[in-house]
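Throughout, residue positions are numbered sequentially from 1 according to the sequence presented.
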Amino acid sequence: MTTTSPNLKPPPWPHCAVGASPEDPVGCRGLVVDPYDACLAHLREAFRATYLAGLAPDTEINHSGTTFTGDLLHRLLHALRDPNSGRPMVSHARFEAATFSGDAVFRGAKFAGSADFRRAVFAGSAGFSRAVFSRAADFGGAMFAHDARFDKAMFTDAAFVGAVFSGDAWFGAAAFSHDVHFDHAAFTEADFRGAVFSGSAGFGRTAFSGSALFDGAEFSAAANLRGAVFSGDARFGGTRFDGDARFGAATFSRSADFRRAAFSGDAWFDAVAFSGGARFSAATLAGSARFDATAFSGEAAFHRTAFSGDAVFRGAKFAGSADFSGAVFCGVATFRGAAFSGGAVFGAATFSTSASFSGTTFETVSRLGPLACQGELDLSGARFRSPVTIEAATALLSCVRTRWDSTATLLLRYATADLTDAVFEYPLSVATRPAAFTSDRHPVDESALTGLDPRARITSLSGVNAAHLSLTDVDLSGCRLTGTFHLDQLRLEGRCAFEAAPTGLHRRGAFPTRWTQRRTLAEEHHWRAATGSTGWTPAPSGTSPQQPSSLAPVYRHLRKSLEDARNEPDAADFYYGEMEMRRHDGDRPRSERALLTLYWAVSGYGLRASRALAWLFGAMAVTVLIMMLWGIPEDAPRAMRTGHLTGQGISLPTANPTAVNPSGPLSSRLTSQRWEKSVRIVVNSVVFRSSGQNLTTTGTYVEMASRLTEAALLGLAVLAVRGRVKR
């Protein structure tokens, strides 16, 4: 408040010059009172009394540079007092660079014109409570050594640019009907509780070394606090911001309280440093809320905060706990590149559109959610450094290149998840949560997802090392599995659904086809649809279908995975798919493909008992018919014995006559007796036994062929049945 050396530059007005010396050639800087030759402070008493007696309410006064004692100011204001209202009334008041050595009491004063207090020095208390400034009030560069009371004052245009408040500054319930500027001002303790800012409010780079209280204040237009420094507690509880609120690059050294604050316009907190706690609980942000590169060193509380517009936390740093429990995000929520070093609580948080955590780092987060997201929950490129459980009810979940440095569990509802190129070196479990999520014993609001299938689905595991992956009750019908590493070590628990082959008759080329019911890969659907087969799902736009040579190993690894889990029946479908891909692989030798085609046609690769039995019964029917027509002799040959008497010994050798081929019309051979005998012969052949019947040459060879082929068909049928019931 004091200067170390006098200002040698004279003021731009006629000044008093009392006290001038070689060291201070300017002397008193007070404006001389016309028609006298001294300022009001140095005017002779008789002249001063005359001057004051000539004043009346609403008189224009100019006492720039004048030094006022408390008594002198009291006499001046008394001369301007309205006898009816009892309050000082001034037209235009100019106190530029004036010095108030005692208390400056302007309580209730009314300034009908402009009020100029630029660079004024208030060495004592400054009292402007209930003062009315009908036009511009300029306190730019003013210095308040002690308390400055502007509570319940009324301002039109007000400027406090560069003002210094060394004591308490009271602006409680003050009303600013037009623009007000506190840019570059310095406050110790500032109280703006209940203040009303009808015009724009500028606090750019303002310094608050003590508490800054804005509870219940109303900002009807833009509020600019960019670069403001809050060294003490900053309280904006219940404050209403009807216009844009800009706090960019502001610094909060202690707690910042925005609880229940209402932001109707955009709220900009980009690059803000919150060294203490930042509390936005129950606040409402109707416009865009931007916290880009904001640093939260203490607790960040957004409990039950409502974000009606976009919420952007791109690159934000959360060193302490971050509580977003119960928060409502109606617009896009972006946490891209953010870092959560402490806990991150999103219990019962709801996202009406999408939520992006792309590139976000979670250092010690043990639980993310449960949260509900109507759009996409993007965790692409995110990194979880500690064991974590992610609970989410969301339409889409992107985990492309997500990295888990420890164990993780994903409990999902409704989600269609993409795990392309995800990295995890420890067990990762993905499961469908059967029941709705709850937080603090209250159900999470999933109404926006009503009507969707609650089962979790995975669209891609390409590029994933599945050695530590476990899937439970997950829909894999549209999952791309080509490019997955160690797929044979994948664990499938519960009911993991795969895409089914199309049912009914379909066209394959020019021929109708009925596909065998089995579980298939989504990539097989894409390939078959590309080859012209109907009923199969085509590949998504912009992707090329995989070829059979790439799909056969995928089927083989999935089969091994299920076989290692002692699930032989379900592994059969993947064996069938493997054989199908081998059969259609154009790079394999034709002989191998022909053999596989025969294997497929006869028994469905040993997995279709009905097909093997159909061939068996067909072969048996043909064999019976051949036996009836040509295999059984016309008459049953009778053995003949001839005797020879030699000395006293008799020999009676038996001779079997040669079977006679049947003759006559073919229809005469189709008798029940011949049919019954043919059936016995064929049934014995099926079980690989000889009938013991005398047959014609044709019948003998037919029986030999049937004992080989029909027994093999029976074996294939038994093998197929065993494959479905084996444990």
K.L.:
Would you say that Thr360 contacts Phe340 through its side chain, given a criterion of any heavy-atom pair below 4.5 Å between the two side chains?
P.N.:
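Of all side-chain heavy-atom pairs linking Phe340 with Thr360, at least one is under 4.5 Å.
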K.L.:
For Ser220, what residues pass the side-chain hydrogen bond (donor to acceptor under 3.5 Å, both in side chains) criterion, not counting sequence neighbours?
P.N.:
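Here no residue qualifies.
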K.L.:
Which residue pairs satisfy the side-chain hydrogen bond (donor to acceptor under 3.5 Å, both in side chains) criterion with at least one member in residues 303-312, sequence neighbours excluded?
P.N.:
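Those involving residues 303-312 are His303-Ser325.
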K.L.:
Using ring pair (Phe, Tyr, Trp, His ring centres under 6.0 Å), reason through Phe171 and Phe182 one step at a time and then give a plain yes or no.
P.N.:
CA-CA 12 Å; Phe171 287 86; Phe182 286 90; 5.4 Å; yes
K.L.:
Enumerate the residue pairs fulfilling salt bridge (Lys or Arg N to Asp or Glu O under 4.0 Å) with a member in residues 269-293, sequence neighbours excluded, ordered by first and then second residue.
P.N.:
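Checked against salt bridge (Lys or Arg N to Asp or Glu O under 4.0 Å) - neighbours excluded - the pairs reaching residues 269-293 are Arg226-Asp270, Arg290-Asp292, Asp292-Arg314.
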K.L.:
Within the 4.5 Å heavy-atom criterion, are Thr353 and Cys330 side-chain neighbours or not?
P.N.:
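SC-SC contact between Thr353 and Cys330 ruled out.
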K.L.:
Would you say the ring centroid of Phe302 lies under 6.0 angstrom from that of Phe329?
P.N.:
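No.
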K.L.:
Can you name the side-chain hydrogen bond (donor to acceptor under 3.5 Å, both in side chains) partners of Arg246, sequence neighbours left out?
P.N.:
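With sequence neighbours excluded, Arg246 shows a side-chain hydrogen bond (donor to acceptor under 3.5 Å, both in side chains) to no residue whatsoever.
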K.L.:
Do Phe165 and Thr188 make a side-chain contact, defined as non-hydrogen atoms from C-beta onward lying under 4.5 Å apart?
P.N.:
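When only atoms from C-beta onward are counted, Thr188 and Phe165 do not touch, as no gap falls below 4.5 Å.
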K.L.:
Once side-chain contact (heavy atoms from CB on, under 4.5 Å) is applied, do any residues pair with His42, and if so which ones, sequence neighbours excluded?
P.N.:
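Here the qualifying residues are Cys16, Val18, Cys28, Ala38, Cys39.
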K.L.:
Would Phe269 and Phe296 count as a close aromatic pair, with their ring centres under 6.0 Å?
P.N.:
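Centroid distance Phe269-Phe296: not below 6.0 Å, so no.
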K.L.:
Backbone N or O of Ala46 within a donor-acceptor pair of the Thr50 side chain at under 3.5 Å?
P.N.:
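Such a contact is found between Thr50 side chain and Ala46 backbone.
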K.L.:
Looking at side-chain heavy atoms only, is the closest gap between Phe274 and Thr294 below 4.5 Å?
P.N.:
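With C-beta onward as the side chain, the pair touches.
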K.L.:
Side-chain contact, heavy-atom cut-off 4.5 Å: Leu76 with Ile61?
P.N.:
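The answer is yes, as the side chains (C-beta and beyond) meet within the 4.5 Å cut-off.
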K.L.:
Is any side-chain heavy atom of Val229 closer than 4.5 Å to a side-chain heavy atom of Phe208?
P.N.:
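The answer is no, as the side chains (C-beta and beyond) never meet within the 4.5 Å cut-off.
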K.L.:
Are the aromatic ring centres of Tyr51 and His63 under 6.0 angstrom apart?
P.N.:
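That pair passes the under 6.0 Å test.
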K.L.:
Mind telling me whether Phe219 and Phe203 have parallel, tilted or perpendicular rings, with 30° and 60° as the class edges?
P.N.:
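Because their plane-to-plane angle is over 60°, the rings of Phe203 and Phe219 count as perpendicular.
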K.L.:
Quick one: salt bridge (Lys or Arg N to Asp or Glu O under 4.0 Å) partners of Arg81, sequence neighbours excluded?
P.N.:
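Not a single residue meets the salt bridge (Lys or Arg N to Asp or Glu O under 4.0 Å) criterion with Arg81.
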K.L.:
Would you call the rings of Phe139 and Phe133 parallel, tilted or perpendicular, where under 30° means parallel and over 60° means perpendicular?
P.N.:
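Correct class here is perpendicular.
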K.L.:
Could you report the tightest heavy-atom contact between Ala145 and Ser166, atom names first, then the distance?
P.N.:
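Minimum heavy-atom contact is O-CB, 3.6 Å.
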K.L.:
I'd like to know whether CE of Met154 has more than 12 heavy-atom contacts from other residues, nucleotides or ligands below 6.0 angstrom.
P.N.:
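No, the 6.0 Å shell around CE holds no more than 12 heavy atoms from other groups.
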K.L.:
Got a salt bridge between Arg149 and Asp147, using NZ or NE/NH1/NH2 to carboxylate O under 4.0 Å?
P.N.:
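Not counted as a salt bridge, because no side-chain N and carboxylate O are separated by less than 4.0 Å.
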K.L.:
Which residues pass the salt bridge (Lys or Arg N to Asp or Glu O under 4.0 Å) test with Arg130, not counting sequence neighbours?
P.N.:
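Not a single residue meets the salt bridge (Lys or Arg N to Asp or Glu O under 4.0 Å) criterion with Arg130.
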K.L.:
With a cut-off of 6.0 Å (strictly less than), are more than 12 heavy atoms of other residues, nucleotides or ligands near CG of Asp37?
P.N.:
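Not more than 12 within 6.0 Å, no.
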K.L.:
Can you find a pair of side-chain heavy atoms, one from Leu225 and one from Arg205, that are under 4.5 Å apart?
P.N.:
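A side-chain contact under 4.5 Å is absent here.
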K.L.:
Under the ring pair (Phe, Tyr, Trp, His ring centres under 6.0 Å) rule, what pairs show up with a residue in residues 10-37, not counting sequence neighbours?
P.N.:
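Sorted result for residues 10-37: Tyr36-Phe47.
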K.L.:
Strictly under 6.0 Å, is that where the ring centroids of Phe106 and Phe117 end up?
P.N.:
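Yes, they do, as the ring centres are separated by less than 6.0 Å.
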K.L.:
With sequence neighbours excluded, tell me which residues meet ring-ring contact (aromatic ring centres under 6.0 Å, His included) with Phe346.
P.N.:
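Listed in chain order: Phe324, Phe335, Phe357.
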K.L.:
Report yes if some heavy atom in the side chain of Thr156 is under 4.5 Å from a heavy atom in the side chain of Arg135; otherwise report no.
P.N.:
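Not touching, per the 4.5 Å side-chain cut-off.
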K.L.:
Tell me which pairs pass side-chain hydrogen bond (donor to acceptor under 3.5 Å, both in side chains) where either residue lies in residues 114-129, with sequence neighbours left out.
P.N.:
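The answer is His92-Ser114, Glu96-Arg118, Glu96-Arg119, Asp116-Arg118, Ser129-Asp151.
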K.L.:
Excluding sequence neighbours, so at least two apart, what forms salt bridge (Lys or Arg N to Asp or Glu O under 4.0 Å) with Asp179?
P.N.:
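Per chain and number, Asp179 pairs via salt bridge (Lys or Arg N to Asp or Glu O under 4.0 Å) with no residue.
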K.L.:
Applying salt bridge (Lys or Arg N to Asp or Glu O under 4.0 Å), which residue pairs with at least one partner in residues 344-369 are found, sequence neighbours left out?
P.N.:
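Of all non-adjacent pairs touching residues 344-369, those that pass salt bridge (Lys or Arg N to Asp or Glu O under 4.0 Å) are Glu363-Arg385, Arg367-Glu391.
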K.L.:
Of Phe247, Phe280, Phe192, which is the lone residue that meets side chain to side chain contact (heavy atoms under 4.5 Å, CB included) with Phe236?
P.N.:
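Single pass found, and it is Phe247.
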